[in-house]
Amino acid sequence: MGQRNRLQYIILGLLNQRPQTGYDLTKAFENEIGEFWQAKHSQIYPMLKRLEAAGEITHEDTVTGEKLAKKQYSLTPAGHEKLVAWVTEPSPELTAIKDEFILKLYFIKSIADPRLQPMLQEQAGLHRAQLAHLRQRQTTVFPDQAAIDQAYGHYLILDHAIEREEHYVDWLEKYLAH
């Protein structure tokens, strides 16, 4: 399939949930979406312009406070159709995860390398903290079955992230014990 800009689909999906400002969309990448996809302000705003030029989203100017004007973006029927088509199509490729720690490990040649244990300890701490954060998010966002039923895909992603972090911590601890 080749590389394509998936950011457009994320934005369409977020706007399918509710109208949002560019700021709201940027914040989404700092929270739940950031667990599995990254995008910066400098990527989001140009994409909003492209999607609007293509007729897939539209905006309404809203005023907050005395003078602050904000653009509130919403999905058009064409944008909704594009989102539905994308969600429906297969996802047959596996995507490599970019993990700098794993990349560094590749260049460690000996179990006796003095850099190894500090690297493992640092990562174990980071992944334990991430696991605690994800568990807290799950408790906050999905306090009951009704909340799970309302956003089941989101629940699955969070559950996957928790299991990934549990596995990562277990794996690190196994080699910290050596």
**Request:** Go through the steps to decide whether Thr58 and Glu52 satisfy the test side-chain contact (heavy atoms from CB on, under 4.5 Å), and finish with yes or no.
**Result:** CA-CA 6 Å; Thr58 187; Glu52 190 163 25; 4.2 Å; yes
**Message:** Pair Leu15, Leu25 - check side-chain contact (heavy atoms from CB on, under 4.5 Å), show working.
**Reply:** CA-CA 9 Å; Leu15 294 177; Leu25 294 167; 4.2 Å; yes
**Prompt:** Which is it for Lys70 and Asp61 under the side-chain contact (heavy atoms from CB on, under 4.5 Å) test, yes or no, and what are the steps along the way?
**Reply:** CA-CA 6 Å; Lys70 294 182 178 184; Asp61 289 322; over 6 Å; no
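Remark: Tyr23 engages no residue in a ring pair (Phe, Tyr, Trp, His ring centres under 6.0 Å) (not counting sequence neighbours). A search for side chain to side chain donor-acceptor pair (under 3.5 Å) contacts involving Arg128 returns Glu173, not counting sequence neighbours. For His160, there are no ring pair (Phe, Tyr, Trp, His ring centres under 6.0 Å) partners two or more places apart in sequence or in a different chain. Looking at residues two or more places apart in sequence or on another chain, you find a side chain to side chain donor-acceptor pair (under 3.5 Å) between Asp113 and Arg115. With sequence neighbours left out, Glu60 forms a side chain to side chain donor-acceptor pair (under 3.5 Å) with no residue at all. Not counting sequence neighbours, Tyr73 has no partner by the side chain to side chain donor-acceptor pair (under 3.5 Å) test. Applying the ring pair (Phe, Tyr, Trp, His ring centres under 6.0 Å) criterion to His154, with sequence neighbours excluded, gives Phe142. Remark: His41 engages Tyr45 in a ring pair (Phe, Tyr, Trp, His ring centres under 6.0 Å) (not counting sequence neighbours). For Lys27, the salt bridge (Lys or Arg N to Asp or Glu O under 4.0 Å) criterion is met by Glu30, not counting sequence neighbours.
Residues Leu103, Tyr106 make up the rest of the hydrophobic cluster containing Phe107, defined by ILVMFWY side-chain heavy atoms closer than 4.5 Å, directly or through other members. Leu126 forms part of no hydrophobic cluster, judged by ILVMFWY side-chain heavy-atom separations under 4.5 Å.
Side-chain atoms of Asp170 do not come within 3.5 Å of backbone N or O of His167 as any donor-acceptor pair.
Taking CG of Leu120 as the start and CG of Leu105 as the end, the distance is 6.5 Å to the nearest 0.5 Å. With rounding to the nearest 0.5 Å, the separation of CH2 in Trp171 from NZ in Lys174 is 9.0 Å. Here CD of Gln72 is found 9.0 Å from CZ of Arg18. Values are rounded to the nearest 0.5 Å. For the atom pair Leu134 CG and Glu166 CD, the distance stands at 9.5 Å (nearest 0.5 Å). Taking CG of Asp144 as the reference point, atom CD of Gln150 lies at 10.0 Å (rounded to 0.5 Å). To the nearest 0.5 Å, atoms CE (Met119) and CD (Gln121) are separated by 11.5 Å.
Looking at Tyr175 and Gln117, their side chains never come closer than 4.5 Å, going by heavy atoms from C-beta outward. Inter-residue side-chain proximity for Leu12 and Trp86 is flagged as unmet; no heavy-atom pair is nearer than 4.5 Å. Side chains of Leu172 and Val169 form no contact here, defined as non-hydrogen atoms less than 4.5 Å apart.
For the ring-ring contact (aromatic ring centres under 6.0 Å, His included) condition, the pairs that include at least one residue of residues 110-138, sequence neighbours left out, are His127-Tyr168.
Residues Ala28 and Leu14 approach most closely at CB-CD1, 3.9 Å, considering heavy atoms. Across Glu165 and Gln130, no two heavy atoms sit closer than the pair CD-CG, 3.7 Å. The minimum heavy-atom distance linking Leu158 with Arg137 is given by the pair CD2-C, 4.0 Å. The heavy-atom pair separating Ile111 from Leu116 by the smallest distance is O-CD2, 3.9 Å. Considering all non-hydrogen atoms of both residues, Pro143 and Thr140 come closest at CD-O, 3.6 Å. Taking every heavy atom of both residues into account, Ile11 and Met47 meet most closely at CD1-CG, 3.6 Å.
Note: the hydrophobic cluster containing Ile162 does not contain Ile157 (ILVMFWY, side chain heavy atoms under 4.5 Å, direct or indirect links). Linking Ile, Leu, Val, Met, Phe, Trp and Tyr residues whenever their side-chain heavy atoms come within less than 4.5 Å places Leu156 and Leu131 in a single cluster. Following chains of ILVMFWY side-chain contacts shorter than 4.5 Å, one cannot reach Tyr152 starting from Leu83, and the two form parts of different hydrophobic clusters. Grouping the Ile, Leu, Val, Met, Phe, Trp and Tyr side chains by contacts below 4.5 angstrom, directly or via other members, places Val84 apart from Leu51.
Heavy-atom contacts from other residues, nucleotides or ligands closer than 6.0 Å to CZ of Phe101 number more than 12. The neighbour count for Lys40 NZ, taken as heavy atoms of other residues, nucleotides or ligands under 6.0 Å away, does not exceed 12.
Applying side-chain contact (heavy atoms from CB on, under 4.5 Å) to Gln43 and the options Leu48, Leu7, Asn5, Thr26 leaves one that passes, Leu7.
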